[in-house]
Q: 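If you scroll down you'll find the structure; I have some questions about it.
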Number of protein chains: 2
Amino acid sequence: MALAYKDDVKEKILDVAQTIFGKFGFKKTTVDEIAAAARKAKSSIYYYFKSKEEIFEAVIEKEASLIRVDVIKILESNIDSIDKIKQYMLVRMKALTELVNFNDAYKNQYLDHLPFIEKIRVKYDEEEIGLIGRILKEGVDTGKFYMQDVNLTSIAIVTAMKGLEAPLFINTENSEMESRINSLLDILFYGIVVR
Amino acid sequence: MALAYKDDVKEKILDVAQTIFGKFGFKKTTVDEIAAAARKAKSSIYYYFKSKEEIFEAVIEKEASLIRVDVIKILESNIDSIDKIKQYMLVRMKALTELVNFNDAYKNQYLDHLPFIEKIRVKYDEEEIGLIGRILKEGVDTGKFYMQDVNLTSIAIVTAMKGLEAPLFINTENSEMESRINSLLDILFYGIVVR
DNA sequence: CGTTTGACCTTAATCGTATTTTAGTCGAAA
DNA sequence: TTTCGACTAAAATACGATTAAGGTCAAACG
């Protein structure tokens, strides 16, 4: 493999963009700032990316791929479907606290909801629904799970998960959060009806 | 009971305010419009309400009390806890399509999220969590349900419900919606794990 | 006395315009 | 192939002038 100088610069740009976007958000960061931090002229940035939005998307994708590594590992492991979902939730919650921009694209949806950020959100939501769906389907195929509509259930899980992030984090330390998640997952797995 | 002329005027104001708020939303309706529609001077409105916000809250409360009648009826009936939740969901979804302003206060939270509307939303969310909580607690007390944390479960249900409204309504006719709700409630009741 | 009202006040929204920022282009240089 | 400075067009900001709208009040009405 030859020297990939181009890729180095590109990564440098992404690195500084990640921290600056993380500090000020998409709207409040200028391409000039990114350029300055990367010690390049602004025009050079446009040699590597065709727009500010593309830079942001690349940063998000960079963060998302970090989660994906962990998630794929879980998916391909031989553990029980139940445990796969449990593991998935933990990874998901960990990601929430670490991946600043990925998160920001979600939370600030109402503040200044730019259409392209909305698109990113939808894209990763769908990916997440797909991933949960794979676990569920595997569970169904192996006779572990039963449900009428796998896709609708996936949507329900992701939706509930996203909505629960706020109340789950508020006044909750890490150790308690895990037990809360587990108590909710118990409902998902076994329901609330005694028999 | 003596003639309650005051109450008549107040209701008239609320009536016209309900339709005008319903058409234009809180921000875009003026007190002058409400006054004109009620055939009063603007100052007269302030004889009955101390602010525009108070009018809006009263309209919301008026709509909310309509739901409350149905809900209380369900709560106090002698049907099974499982069916109470099912009934509750149906009433809730029906309300969603009928009570324009109540709804608007929810949906438009991101467009122009006025702090006082946020307060209203939180208030009725908490009421809803409380209502679900009562049904759950009753189920637990009668040995029908089991869960670790009733309150957290209530939050989870309300959260999921609110989040699912959108995907549940999209491309879904009324008949199909009911079956979708039921399939999701089955998960809540019995879980997804086969045994 | 309970209710209604128009005149009035104050603050917030709108508008028009001048100015500045900033995303993105381009040809030339390294 | 990569970098950059000069440039453009469009969007954001600034700001004063004007209008619209929420809210008050003392007087009037029945």
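Given the structure is predicted, the values throughout are model-derived calculations rather than measurements. Order of the sequence lines sets the chain letters (A, B, ...), proteins ahead of strands, with each chain counted from 1. The figures that follow rest on heavy atoms only: side chains count, while hydrogens, waters and symmetry mates do not.
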Q: Please report, rounded to the nearest Å, how far the C1' atom of C/dT22 is from the CZ atom of A/Phe56.
A: 18 Å
Q: Can you tell which of C/dT22, C/dG24, D/dG23 lies closest to the side chain of A/Thr30?
A: C/dT22
Q: Within this structure, what is the NZ-to-C1' distance between A/Lys40 and D/dT2, rounded to whole angstrom?
A: 8 Å
Q: Within 45° of the axis and under 6.0 Å from the centre of the six-membered ring of B/Phe49, does NZ or CZ of B/Lys10 qualify?
A: yes
Q: Quick check on salt bridge (Lys or Arg N to Asp or Glu O under 4.0 Å): which of B/Lys162, B/Arg92, B/Arg134, B/Arg68 does B/Glu128 satisfy it with?
A: B/Arg92
Q: Does any pair with a residue in residues 139-150 of chain B pass side chain to side chain donor-acceptor pair (under 3.5 Å), and if so which ones, sequence neighbours excluded?
A: B/Asp80-B/Lys144, B/Lys137-B/Asp141
Q: Can you see if the side chain of A/Tyr46 gets near the phosphate of D/dC4 - specifically, an N or O under 4.0 Å from OP1 or OP2?
A: no
Q: N/O contacts under 3.5 Å, protein versus nucleotides 6-11 of chain C?
A:
from, atom 1, to, atom 2, distance (Å)
C/dG6, N7, B/Ser43, OG, 2.9
C/dG6, O6, B/Ser43, OG, 2.1

Q: Nearest whole angstrom, please: distance from the P of C/dG2 to the NZ of B/Lys10.
A: 15 Å
Q: Using a cut-off of strictly less than 4.0 Å, decide whether A/Tyr47 has a side-chain nitrogen or oxygen near OP1 or OP2 of D/dT3.
A: no
Q: Which whole-number value in Å describes the distance from A/Leu114 CG to D/dA12 P?
A: 10 Å
Q: Once you round it to whole Å, what is the distance between P of C/dT5 and OH of B/Tyr48?
A: 9 Å
Q: I'd like to check the salt bridge (Lys or Arg N to Asp or Glu O under 4.0 Å) partners of A/Glu33; sequence neighbours left out, ordered by chain and number.
A: none
Q: Which nucleotide wins on minimum distance to the side chain of A/Lys52, given the candidates D/dG22, D/dT3, C/dA23?
A: C/dA23
Q: Could you tell me whether A/Glu126 and A/Lys123 make a salt bridge, using a distance below 4.0 angstrom between a side-chain N and a carboxylate O?
A: no
Q: Measure the distance from NZ on B/Lys50 to C1' on D/dC25 and round it to the nearest whole Å.
A: 18 Å
Q: Would one find more than 12 heavy atoms of other residues, nucleotides or ligands at under 6.0 Å from atom CZ of A/Arg195?
A: yes
Q: Starting at atom CG of A/Asp32, determine the distance to atom P of D/dA12, rounded to an integer number of angstrom.
A: 16 Å
Q: Got a second to check how far A/Tyr48's OH is from A/Lys12's NZ, nearest 0.5 Å?
A: 11.5 Å
Q: If I take atom NZ in residue A/Lys28 and atom P in nucleotide D/dA11, what distance separates them, rounded to the nearest angstrom?
A: 17 Å
